[in-house]
Protein chains: 2
Amino acid sequence: MGNINIIKLAEELNLSKSTVSRAFRGGSDINPQTREKILARAKELNFLPNHHASNLRNQKSKTIAVIVPEIANNFFSKAINGIEKIAKDKSYHVLIYLTDDDFQKEVSFVTSLSNGRVDGIIMSVSGEDQDHSYLQVLKRKKIPLVFFDRTYEDIETARVTTNDYQSSFEATEHLVKSGCKKVAYLVVNKNLSIGKTRMQGYIDALKKNNIPFDDHLIIDCSNELDKNKIILRNVFETLKPDGVFASVERLAIASYYVCHEMNISIPDEVKVIGFSSLEISPLLNPSLSTITQPAYKMGERAAELLFEILEKHEEEKEFITRNIVLDSELIQRQSSSLEPVAIS
Amino acid sequence: MGNINIIKLAEELNLSKSTVSRAFRGGSDINPQTREKILARAKELNFLPNHHASNLRNQKSKTIAVIVPEIANNFFSKAINGIEKIAKDKSYHVLIYLTDDDFQKEVSFVTSLSNGRVDGIIMSVSGEDQDHSYLQVLKRKKIPLVFFDRTYEDIETARVTTNDYQSSFEATEHLVKSGCKKVAYLVVNKNLSIGKTRMQGYIDALKKNNIPFDDHLIIDCSNELDKNKIILRNVFETLKPDGVFASVERLAIASYYVCHEMNISIPDEVKVIGFSSLEISPLLNPSLSTITQPAYKMGERAAELLFEILEKHEEEKEFITRNIVLDSELIQRQSSSLEPVAIS
DNA sequence: TTGTAGGCGTTATCAT
DNA sequence: ATGATAACGCCTACAA
């Protein structure tokens, strides 16, 4: 295919390819007039310097990767929104990879990215309690990594998280103060650090309020709604908790489905609160009390942090391992209300 | 930076770089043993052939771009999920670009992609009623384009849509049959083809049911919740519709907020139905009747179609302009129910 | 201010 | 089965 390139453009204009190349870089070492002429002709021909050739030459890609467990999820899609916003401002491109919570996919994505395809990576980990040494490649290849939300604690790198312990503590205490004596803690993956941290907040809040911790009330759930319904039906039948603390959004939703189905009244019979980025929590029946993470902002901060490292990096600085912690918001609504519910 | 490459690896193993290169391609013209040796050493060194160099040489990038108006939106995030799934299966990479419904950004993204960065593009358009000729570049550069959901009708290219006319017709008729005599049609951008198509279904359904069409009931809204609330408050106060057909999810949500706020009972005083990919529509107060598009599947089909073209394309075939139309599902729930509502 | 030339890392063709 | 070599398209010393 007789595709155009910098050389043909140069020939056509009776210039050398270096001059044409200069026209596209910001450089000052070119006559503004020739520059205009070149750019004008290039625009006519819809010519832009080839991406791969520039990247090969420059040893950088102007591209970052975002690796997340899932995307059809309010938290992650908002976070990606924030990341893309910052990247767009910096004229960077954003690659998306979904691990589907599968550690093997995570490893294979990271590995495949370790040879020049991206300048940096932002990741929320899949979370299996595995060997994380595969991430060392990135350090060796000088590809900066920023964790957000879900992190591996044994990896030394930059991260953006929320104060999960504190939020969980407060949410649990809120349930207790609303009269709950038997609060179930719903978690998807106990081994994931985020699950542990949130659980610790729950445990400590119970302790502080003199409620004995009962192991059976830690409910290990799944990512699939159907399975969770089965699990939760069983929980409501046998354990009869009067409070539910969902450590992730989908478990709050599953609780709602099961309560509706079993005719268990929220909040009269059981109070519910959950981590959630759902914008329409106020419109649920009943409106859902939430701990809401600043998802969009977390994405922005993660991206900003990555670019900061990327810029330092050129001057051969050490990687930054800063840990940015943002605040979540605890929003009390009807689902955890002490009052009998006036149905709106 | 003394980064490793195919040449150093070759030297180290006392081989030529061509042999090493061959080890990485599937090719049969290499001794299986040397091949193993090379791959083994490469793995030790975490070496993978440089992406940009291969791409430059091969004139392809194994990457596709997805351009959408937004991502923090159930429909688009699910569609992207479907696209990424197919891309992952094909070992392709996925770049994400968000236009924020801004035509200029759309143009600038497409333009910046027209020089080798991607092998193909999947797009849901921002929709301004503008000059779409900027897309011609893609044809000239042989970069296939697949539209999904939101399309430009004047552009000849492959597309994946749903039967919006039919769904809107049915939804409107459903409202009428539930007793509505004054149905408002809520739309974000009247000029966007998708808005027009859906509106035509609405208009024709009214006609068929002998309800005079009233221009004032076409409500032009925005993408911002606050603005929509103001618009809708006014609508409910002055026009007092007894039915609302929201052509996009966010307008159904805004209607809910305003009705809650104004103490207008859904569905007793006004019935609501809307296009929506919200999974928890059944949990809203009241549960929301929806026209639900197969978002994930649309993403999958769009990606499959793109790859089909990509594969043909190598054999120098013409671009495919097939139009795949999938069915949406009309799900009746309480918000459009004829019966007085038993609050669950 | 412009031109020349070498190399970024890979692959494919052509030899051996 | 392996090796030498010439692109792929761009950028940047260095020279003029």
Side-chain angles (χ1 to χ4, degrees), chain A residues 1-39 41-42 45-63 112 114-119 141-142 314, chain B residues 1-39 42 45-63 112-119 141-142 314:
Chain A
M1 187 165 62
N3 236 331
I4 190 152
N5 57 30
I6 233 174
I7 300 186
K8 289 192 195 147
L9 187 53
E11 281 170 4
E12 195 186 321
L13 295 166
N14 265 325
L15 289 165
S16 79
K17 58 179 180 167
S18 22
T19 308
V20 174
S21 175
R22 273 187 275 258
F24 286 100
R25 318 288 106 240
S28 58
D29 50 351
I30 182 174
N31 183 320
Q33 306 201 343
T34 33
R35 188 200 168 122
E36 280 320 306
K37 205 190 311 173
I38 293 168
L39 259 28
R41 185 67 186 129
L45 299 170
N46 295 302
F47 172 75
L48 251 60
N50 180 287
H51 175 243
H52 299 298
S54 313
N55 289 166
L56 174 57
R57 180 59 230 249
N58 292 329
Q59 303 283 55
K60 56 202 285 298
S61 63
K62 281 275 194 180
T63 304
S112 85
S114 67
N115 229 277
R117 192 168 215 115
V118 297
D119 295 343
K141 307 259 174 164
K142 311 264 188 224
E314 288 168 15
Chain B
M1 187 164 61
N3 236 331
I4 189 153
N5 58 28
I6 231 174
I7 300 186
K8 290 193 196 147
L9 187 53
E11 280 169 4
E12 195 185 321
L13 295 166
N14 264 326
L15 289 165
S16 78
K17 58 178 180 169
S18 0
T19 307
V20 174
S21 176
R22 270 189 276 260
F24 286 99
R25 320 285 109 240
S28 58
D29 51 350
I30 183 174
N31 183 322
Q33 304 200 347
T34 32
R35 188 203 167 114
E36 281 319 306
K37 207 190 308 171
I38 293 168
L39 260 29
L45 298 170
N46 295 301
F47 172 75
L48 251 60
N50 180 288
H51 175 243
H52 299 299
S54 309
N55 288 167
L56 173 58
R57 179 61 231 241
N58 292 329
Q59 303 284 56
K60 56 202 287 297
S61 63
K62 281 275 195 180
T63 304
S112 84
L113 288 173
S114 67
N115 229 277
R117 195 172 213 111
V118 298
D119 296 343
K141 308 256 174 167
K142 311 264 187 224
E314 289 169 14

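Excluded from the calculations below are hydrogen atoms, water molecules and symmetry mates; all remaining heavy atoms, backbone and side chain alike, are included. Computed from a prediction, not measured in an experiment: that's the story for all the values here.
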*Any donor-acceptor N/O pair, B:Ser21 side chain to B:Lys17 backbone, under 3.5 Å*: no
*B:His52 (side chain) donor-acceptor with A:Gly116 (main chain) under 3.5 angstrom*: yes
*Can you check the A:Arg25 CZ to D:dG9 P distance for me, whole Å?*
16 Å
*Ignoring the backbone of B:Ser16, work out which of C:dT4, D:dC10, D:dA4 is nearest its side chain.*
D:dA4
*Polar side chain donor-acceptor pair, A:Thr19 to A:Ser16, under 3.5 angstrom*: yes
*To the nearest angstrom, how far is A:Asn50 atom CG from D:dC8 atom P?*
12 Å
*What is the distance from CD1 of B:Ile6 to P of C:dC8, rounded to the nearest Å?*
14 Å
*Between B:Ala53 and B:Thr19, just flag the one whose closest nucleotide in DNA chain D comes earlier from the 5' side.*
B:Thr19
*asked:* From the set D:dT12, D:dC10, D:dG3, return the single nucleotide nearest to any side-chain atom of B:Ser18.
replied: D:dG3
*Of all the choices, D:dC10, D:dT2, C:dT10, which nucleotide is nearest to the side chain of B:Asn31 once you look at every atom?*
D:dT2
*Starting from the 5' end of DNA chain D, give me the residue, A:Asn58 or B:Asn58, whose nearest nucleotide shows up first.*
B:Asn58
*Among the nucleotides D:dT2, C:dT10, C:dT2, which one has an atom lying closest to any side-chain atom of B:Thr34?*
D:dT2
*asked:* Starting the side chain at C-beta, find the nucleotide from C:dT10, C:dT13, C:dG3 nearest to B:Arg22.
replied: C:dT13
*Using atom NE2 of B:His51 as one end and atom P of C:dC8 as the other, report the distance to the nearest whole Å.*
20 Å
*Counting any heavy atom closer than 4.0 Å, what does B:Asn55 reach on the DNA or RNA strands: base, sugar-phosphate only, or nothing?*
nothing
*Nearest-Å distance for atom pair NZ/P, residues B:Lys8 and C:dC8*: 9 Å
*Rounding to a whole Å, what distance do you find between B:Arg35:CZ and D:dT2:P?*
12 Å
*B:Asn3 backbone acceptor or donor facing A:Lys141 side chain under 3.5 Å*: no
*Nearest to the side chain of A:Gln59, which nucleotide is it out of C:dC8, D:dC10, C:dT2?*
C:dC8
*Side chain of A:Asn5 (C-beta onward), nearest among C:dG9, D:dC10, D:dT2*: D:dC10
*Donor-acceptor contact below 3.5 Å, side chain A:Asn58 vs main chain A:Lys60*: no
*Working to the nearest 0.5 Å, report the span between CG of A:Leu15 and CG of A:Asn31.*
10.0 Å
_Within the 4.0 Å heavy-atom criterion, would you say B:Ser21 contacts the bases, only the backbone, or no part of the nucleic acid?_
base
*asked:* Base, sugar-phosphate or nothing for A:Leu56? Non-hydrogen atoms, less than 4.0 Å.
replied: base
*Return the value, rounded to whole Å, for the distance between atom CG of B:Asn14 and atom C1' of D:dG3.*
13 Å
*Considering only heavy atoms and no angle criterion, is a donor-acceptor pair shorter than 3.5 Å present between the side chain of A:Lys17 and the base of C:dT4?*
no
*Where the side chain of B:Phe47 is defined as all heavy atoms beyond and including C-beta, which of D:dC10, C:dT10, C:dA12 is the nearest nucleotide?*
C:dT10
*asked:* Without decimals, in angstroms, what is the distance between B:Leu48 CG and C:dG9 P?
replied: 15 Å
